[in-house]
Novice: 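Please read through the structure below; I'll follow up with questions.
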Amino acid sequence: MKYKGYKITAEKNGIIVDNVKNFDPVHTFECGQCFRWIRQEDGSYDGVVRKKAVNIKFEGNRLFISNSTYEDFQNLWYQYLDLGRDYDDIKARLMKDEIMERAIKFGHGIRLLKQDILETLISFILSANNMIPRIMKSVEIISCLYGEEIHAGGRTYYSFPGVDELAGTNLERLEVCRGGFRCKYILQAAESVKKGDVDLYGLKYMNTPEARKELMKLPGVGPKVADCVLLYSGTKYDVFPTDVWVKRVMEELYFKRETSFKEIQEFASDYFGELAGFAQQYLFYYARENRIGAR
DNA sequence: TTGCAGGGGTCAA
DNA sequence: TTGACCCCTGCA
């Protein structure tokens with residue numbers, strides 16, 4: 001079967017997608033955009049997206065997605081893995097200097113996932129002054145507590161909950177996820193979304209500054225978290241989430257001096273334009289994996 | 001063994 | 001503009 005130029009072969013345990021370019025599960029799942037893809041011993045990744053628990057393996061240019069059908073590829077994986085985007089073109093346009101060239105070569109298999117926006121919101125509220133392994137643990141516990149049980153491959157997984165489940169809980173129960181002071185933000189944010197104070201699915205119809213401002217109405221959401229939510233949910237791509245790692249790499253490689261958050265944002269907007277989000281992801285992964293500027 | 005710094009930022013003063 | 005913040009790991 002064919003879909004949008006991809007050849008899909010159905011197997012008994014899943015599907016094979018041939019000739020997938022510009023994709024490497026290590027780069028895509030460990031570049032910091034997501035928290036629920038777990039590396040397995042054989043190098044493949046287990047993950048839960050919507051109500052599906054799957055394993056993704058990549059060999060040569062062949063992508064194997066377990067527990068999936070041709071229809072799942074059309075309805076879910078093609079969008080989620082951003083397989084409709086021409087990353088050759090994006091890379092060519094971003095190779096403006098030696099720094100970007102190095103960063104792109106290093107993370108050549110990064111694709112920006114189109115993740116559920118509520119899951120992205122909660123995950124990045126958890127990210128404030130926190131560490132990645134702990135964020136992953138908290139997201140997992142929240143899913144166990146409030147999500148739906150899914151059985152796949154003889155194991156049990158949990159979907160990320162919806163807004164009703166989260167808004168309907170109480171602080172004491174939520175604190176089981178060990179999110180600390182962020183738990184109250186999660187609960188209040190979920191309540192605001194449920195009431196309709198902030199319409200997550202309406203953000204795509206706003207311009208980027210408006211969408212950002214709208215998200216920042218939510219507790220625990222500042223400029224960095226707002227940009228992450230917009231970028232990693234596939235809502236806006238002209239944002240440049242600036243955390244400590246991006247700040248370090250920009251200071252060390254571009255500015256050669258201490259630089260304010262505002263100045264970095266303005267530079268990124270001018271220099272990378274509508275592709276700023278892709279540039280940020282290559283730079284972040286490059287900086288963090290190589291500990292650029294780390295003490 | 002104990003103590004302390006510090007981490008994908010945000011909030012409040 | 002600055003310090004506090006849950007929690008917990010790493011390191012002295």
Side-chain angles (χ1 to χ4, degrees), chain A residues 27-38 103 107 110 112-113 115 117-142 144-145 169-193 197-198 212-233 235-236 239-252 258-265 268 276-295:
Chain A
H27 297 174
T28 294
F29 297 141
E30 298 194 20
C31 70
Q33 60 179 325
C34 54
F35 300 99
R36 293 205 77 197
W37 286 96
I38 315 292
I110 293 175
L112 284 175
L113 302 172
Q115 302 178 79
I117 194 165
L118 181 69
E119 178 174 340
T120 317
L121 171 68
I122 304 304
S123 301
F124 282 90
I125 288 177
L126 280 165
S127 77
N129 194 231
N130 206 345
M131 289 181 265
I132 291 174
R134 299 188 32 178
I135 303 166
M136 294 176 81
K137 200 166 284 178
S138 291
V139 174
E140 188 58 30
I141 296 173
I142 288 175
C144 292
L145 284 174
T169 190
N170 58 67
L171 196 54
E172 196 178 43
R173 178 137 191 260
L174 186 59
E175 279 172 344
V176 172
C177 81
R178 318 315 291 156
F181 64 87
R182 306 162 194 87
C183 289
K184 60 178 180 290
Y185 299 148
I186 291 173
L187 187 55
Q188 287 168 22
E191 284 167 350
S192 286
V193 170
D197 295 344
V198 172
R212 215 159 171 256
K213 201 170 154 195
E214 184 71 8
L215 271 172
M216 284 169 62
K217 284 185 189 168
L218 296 168
V221 181
K224 154 61 168 67
V225 171
D227 285 352
C228 285
V229 174
L230 291 172
L231 185 58
Y232 305 138
S233 64
T235 306
K236 298 287 177 188
V239 292
F240 195 75
T242 305
D243 57 42
V244 290
W245 288 104
V246 172
K247 191 164 185 292
R248 282 172 192 163
V249 76
M250 295 303 282
E251 288 174 342
E252 191 149 321
E258 279 242 306
T259 314
S260 70
F261 174 83
K262 185 164 172 275
E263 196 177 349
I264 292 173
Q265 292 274 301
F278 298 93
Q280 186 271 359
Q281 205 51 213
Y282 289 118
L283 287 168
F284 171 78
Y285 185 60
Y286 179 66
R288 192 172 56 99
E289 294 297 305
N290 294 291
R291 305 196 65 74
I292 306 265
R295 278 165 301 180

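Throughout, protein chains are lettered first and strands after them, A, B, ... in sequence-line order, and every chain is numbered starting at 1.
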Novice: Rounded to the nearest Å, what distance is computed from the CH2 atom of residue A:W245 to the C1' atom of nucleotide B:dG6?
Specialist: 12 Å

Novice: Which residues in residues 120-129 of chain A have at least one heavy atom lying under 4.0 Å from any atom of DNA chain C?
Specialist: A:N129

Novice: Atom CZ of A:R134 to atom P of B:dG9: distance rounded to whole Å?
Specialist: 14 Å

Novice: If I pick the C1' atom on B:dA5 and the same atom on C:dG3, what distance separates them, to the nearest angstrom?
Specialist: 15 Å

Novice: Answer with base, sugar-phosphate or nothing: what part of the nucleic acid does A:F284 contact at a heavy-atom distance below 4.0 Å?
Specialist: base

Novice: Evaluate the side-chain proximity of A:F240 to A:D227: yes if any heavy-atom separation is below 4.5 Å, no if none is.
Specialist: no

Novice: Taking the inter-plane angle between the rings of A:H27 and A:Y285 on a 0 to 90° scale, is it parallel (under 30°), tilted (30 to 60°) or perpendicular (over 60°)?
Specialist: tilted

Novice: Taking any atom closer than 4.0 angstrom to a non-hydrogen atom of chain A, what span of DNA chain C does the protein reach, first nucleotide to last?
Specialist: C:dC5 to C:dC8

Novice: For A:I186 and A:I142, what are the C-alpha separation, side-chain angles and deciding distance, and is it a side chain to side chain contact (heavy atoms under 4.5 Å, CB included)?
Specialist: CA-CA 11 Å; A:I186 291 173; A:I142 288 175; 4.3 Å; yes

Novice: In whole angstroms, how far is the P atom of B:dG9 from the CE atom of A:M131?
Specialist: 11 Å

Novice: The side chain of A:R248 is closest to which nucleotide in this list: B:dG9, B:dG7, B:dT10?
Specialist: B:dG7

Novice: Starting at the 5' end of DNA chain B, which residue's closest nucleotide do you reach first, A:V221 or A:C228?
Specialist: A:C228

Novice: Is A:F35 touching bases, backbone alone, or none of the nucleic acid, heavy atoms closer than 4.0 Å?
Specialist: base

Novice: Mind checking whether A:M250 and A:T259 have side chains closer than 4.5 Å, heavy atoms only?
Specialist: no

Novice: Taking ring-ring contact (aromatic ring centres under 6.0 Å, His included) as the definition, give me every residue that meets it alongside A:Y185, ordered by chain and number, with sequence neighbours left out.
Specialist: none

Novice: Taking any heavy-atom pair under 4.0 Å as a contact, classify A:R182: base, sugar-phosphate, or nothing.
Specialist: base

Novice: I'd like to check A:Q280 versus A:L231 (side-chain heavy atoms, cut-off strictly below 4.5 Å). Are they in contact?
Specialist: yes

Novice: Please test A:Y232 against A:Q281 for side chain to side chain donor-acceptor pair (under 3.5 Å), starting from the C-alpha separation and ending with a verdict.
Specialist: CA-CA 10 Å; A:Y232 305 138; A:Q281 205 51 213; 2.7 Å; yes

Novice: Assign A:P133 to base, sugar-phosphate, or nothing according to its heavy-atom contacts below 4.0 angstrom with the strands shown.
Specialist: nothing

Novice: So what does A:P219 hit on the nucleic acid, given a heavy-atom distance under 4.0 Å: a base, only sugar-phosphate, or nothing?
Specialist: sugar-phosphate

Novice: Heavy atoms only: give me the nearest A:T28-A:Q33 pair and the separation to one decimal.
Specialist: O-NE2, 2.9 Å

Novice: Could you provide the dot-bracket string of DNA chain B, using ( ) for intrastrand pairs, [ ] for crossing pairs and | for bases paired to another strand, with Watson-Crick or G-U pairs below 3.5 Å?
Specialist: .||||||.|||||

Novice: Using side chain to side chain contact (heavy atoms under 4.5 Å, CB included) as the criterion, list what pairs up with A:I141, not counting sequence neighbours.
Specialist: A:K137, A:L145, A:V176, A:C177

Novice: Roughly, in whole Å, what's the span from CD1 in A:I135 to P in B:dT10?
Specialist: 12 Å

Novice: For B:dC4 versus C:dA4, give the span between their P atoms, rounded off to a whole number of Å.
Specialist: 15 Å

Novice: Under 4.0 Å, counting only non-hydrogen atoms across every strand here, what does A:V246 touch: a base, just sugar-phosphate, or nothing?
Specialist: nothing

Novice: So do the side chains of A:R288 and A:V249 get within less than 4.5 Å of each other, counting heavy atoms only?
Specialist: no

Novice: Go through the structure and list residues passing side chain to side chain contact (heavy atoms under 4.5 Å, CB included) with A:K224, not counting sequence neighbours.
Specialist: A:F124, A:S127, A:C228, A:P241, A:D243

Novice: Is there side-chain contact between A:E175 and A:F181, with at least one heavy-atom pair below 4.5 Å?
Specialist: no

